[in-house]
Amino acid sequence: MAPTARLCCICGEARAALRRPKTFEQVCRGCFYRAFEDEVHETIVGSGMFRRGDRVAVGVSGGKDSTVLAHVLTTLNARHEWVQCVRCCGVGTKHGIMDEGSSLR
């Protein structure tokens, strides 16, 4: 008998694709993304990191971590309208800071 695929412990519908490092829950990709975004939102709101109307600059190197940071901040800002503007600036170790002029809402 073939082993059955485990279902996501959050939605109970999709096949679990990964285990969350924080909780060890087996979740589908969609529920992982949503849980991650919710935790980032709760951290930002709970800490008072931003105030409505603020302008935020994000230094990105192009690596995985900074790319995810830029993506999740712009995604959540569009959803929750925390700040007036999220601006991404490329940061290179050889050339200093390069303003790519990408103003994201």
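Just so you know, residue 1 is the first one in the sequence shown, and it goes up from there. No experiment lies behind these values; they were computed from the predicted model shown.
- Taking hydrophobic clusters as Ile, Leu, Val, Met, Phe, Trp and Tyr residues chained together by side-chain heavy-atom distances below 4.5 Å, Tyr33 does not share a cluster with Val72.
- Among all heavy-atom pairs drawn from Ser61 and Ser66, the shortest one is N-OG, 3.0 Å.
- Glu39 has no carboxylate O lying under 4.0 Å from a charged side-chain N of Arg34, or vice versa, which leaves the two without a salt bridge.
- Between atom CD of residue Glu25 and atom CZ of residue Phe32 there is a gap of 11.0 Å, rounded to the nearest 0.5 Å.
- Put simply, the side chain of Leu18 reaches to within 4.5 Å of the side chain of Arg29, judged on heavy atoms.
- What you find for Arg15 and Cys28 is that their closest heavy atoms are O-CB, 3.5 Å.
- Side-chain atoms of Arg52 come within 3.5 Å of backbone atoms of Glu81 as a donor-acceptor pair (strictly under, hydrogens ignored).
- Of all heavy-atom pairs spanning Leu7 and Gly12, the tightest one is CD1-O, 3.3 Å.
- Using a 4.5 Å cut-off on side-chain heavy atoms (C-beta onward), His80 and His41 make contact.
- Each of Val56, Asp54, Ile44 was evaluated against Trp82; a single residue qualifies, Ile44, per the side-chain contact (heavy atoms from CB on, under 4.5 Å) test.
- Nearest heavy atoms, Leu76 versus Glu37: CD1-O, 3.5 Å.
- Taking the side chain as every heavy atom from C-beta outward, Leu69 and Val58 approach each other to under 4.5 Å.
- In this structure, CD1 in Ile10 is found 7.0 Å from OG1 in Thr23, a value given to the nearest 0.5 Å.
- Looking at every heavy atom in both residues, Arg51 comes nearest to Val83 through O-CG1, 4.0 Å.
- Rounding to the nearest 0.5 Å gives a distance of 13.0 Å between SG of Cys31 and CD of Gln26.
- Phe50 places none of its side-chain heavy atoms less than 4.5 Å from the side chain of Val45.
- Residues Val60 and Val40 share a single hydrophobic cluster, defined by chaining ILVMFWY side chains whose heavy atoms lie under 4.5 Å apart.
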